[in-house]
Enquirer: 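Okay, here's the structure, questions in a sec.
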Amino acid sequence: MKKLVVSTGAGISAESGISTFRDAGGLWENYPVMDVASHDGYVRNPELVHRFYNERRKALLKAQPNAAHRLLHALESEGWEVYVITQNVDDLHERAGSSRVMHLHGELMKVRATDDETKVYELRPDALETTPATIIDGHHVRPHIVFFQEAVPMFEPATALAEEADVFVIIGTSLVVYPAAALLQYVRRGVPVYYIDPNPAQVPAGVHVIRATATEGMRELFRILTGKEAQK
Ligand code: APR
């Protein structure tokens, strides 16, 4: 089957009611990013960082996947092997049914042991809140999130996927955070690239920019890739 590799950012979850980071009113307007999403901030004030992610988990529980998430999954039934590489830490791609999802920046519904990063635990919906004092399986835990100033271990496997893409799609990211923004450089020459964003960042010539929201843009991309009208 043809490989469709999709790089998604906060914009694909915007229509599910989840704030992006850098749009007007976005998360970074309300929180000092280096206090709540950086390694130094976590060391300085772990209580604040736990509280920030507790709030985001509560918001996520109220959110549902939108048509863009669902249409990416629907393409799996239209002859496409769909690989999602997301900067998002929400689980909306999984909840929409996508079966191959790679999280570059971690996962909101998971925590990991502070003394053994291989020990990762899924939080239950009825026990979402953590503090620096929380103990799971005998370990203190931290959000299973890649903070700024920390390595992005999934980037290398993500570049391998980008290199195998028959079609590459970028949805809802401002392309300002590296290394995620560099994925486009690993796509083979001649492979079609689409970028869906209502306020797209600068991209190289040759990228097909679809200036639309994720749901509108995915309906157009679905038509392009399948020749059919999207039903979702
Ligand atoms: N549909 C599609 N795209 C949208 C929509 C929408 N309805 N609304 C906004 N966007 C676009 C914006 O135009 C912007 O290009 O989504 C993008 C959001 O950009 P950011 O807020 O910077 O989010 P993102 O690119 O995912 O941030 C990358 O930065 O803070 C870190 O770790 C965090 O993963 C995050 C990373």
Side-chain angles (χ1 to χ4, degrees), residues 6-42 48-49 52-53 55-57 59-60 63-72 84-93 96 101-110 142-155 158 168-185 193-204 207-222 230 232:
V6 189
S7 170
T8 66
I12 196 169
S13 298
E15 290 162 276
S16 295
I18 294 184
S19 299
T20 62
F21 295 94
R22 296 171 182 83
D23 288 309
L27 274 178
W28 296 153
E29 256 185 30
N30 302 312
Y31 293 92
V33 57
M34 296 315 274
D35 287 353
V36 294
S38 78
H39 178 78
D40 289 350
Y42 173 68
L48 172 66
V49 173
F52 175 66
Y53 288 97
E55 283 172 34
R56 291 179 67 192
R57 288 188 200 108
L60 178 54
Q64 294 300 326
N66 61 55
H69 297 104
R70 291 196 299 273
L71 284 172
L72 279 179
V84 178
I85 302 167
T86 186
Q87 296 173 80
N88 300 342
V89 294
D90 65 52
D91 58 354
L92 297 180
H93 282 298
V101 182
M102 184 184 282
H103 288 270
L104 291 181
H105 296 163
E107 297 180 65
L108 193 51
M109 296 306 285
K110 294 181 179 173
R142 57 160 276 179
H144 186 48
I145 298 289
V146 176
F147 293 144
F148 282 106
Q149 303 164 328
E150 293 184 335
V152 183
M154 295 306 286
F155 182 64
F168 191 75
V169 184
I170 304 165
I171 307 175
T173 175
S174 57
L175 294 168
V176 297
V177 172
Y178 284 79
L183 273 178
L184 180 54
Q185 294 161 21
V193 179
Y194 298 88
Y195 177 27
I196 300 172
D197 196 303
N199 178 22
Q202 281 298 314
V203 284
V207 171
H208 306 264
V209 176
I210 301 175
R211 186 183 286 269
T213 64
T215 53
E216 293 152 18
M218 269 309 299
R219 287 194 185 92
E220 182 173 339
L221 186 68
F222 192 90
K232 302 264 174 181

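In what follows, every heavy atom counts, from backbone to side chain, and hydrogens, waters and symmetry copies are set aside. The structure presented is a predicted model; accordingly, all values stated were derived computationally and were not measured. When a residue number appears, it is its place in the shown sequence, counting from 1. Just so you know, ligand 1 is whichever comes first in the structure, and atom 1 is the first atom listed for that ligand.
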Enquirer: Donor-acceptor pair, distance only, cut-off 3.5 Å: does the side chain of Arg57 make one with the backbone of Leu108?
Expert: yes
Enquirer: Which parts of the protein, at residue level, reach under 4.0 Å of ligand 1 through a heavy atom?
Expert: Gly9, Ala10, Gly11, Ala14, Glu15, Thr20, Phe21, Arg22, Asp23, Trp28, Gln87, His105, Phe148, Gly172, Thr173, Ser174, Val177, Asp197, Pro198, Asn199, Thr213, Ala214
Enquirer: At their closest point, which heavy atom of Phe147 faces which heavy atom of Val36, and how far apart are they?
Expert: CE2-O, 4.5 Å
Enquirer: Which residue, Asp197, Leu72, Ile210, forms the side-chain contact (heavy atoms from CB on, under 4.5 Å) with Ile171?
Expert: Leu72
Enquirer: Answer whether the closest heavy-atom distance between the side chains of Ile12 and His69 falls below 4.5 Å.
Expert: yes
Enquirer: Assess, by modelled atom type and distance only, whether the side chains of Glu150 and Tyr42 contain a donor and an acceptor separated by less than 3.5 Å.
Expert: no
Enquirer: Could you note down all residue pairs passing side-chain hydrogen bond (donor to acceptor under 3.5 Å, both in side chains) where residues 171-180 supplies at least one of them, sequence neighbours left out?
Expert: Gln87-Thr173
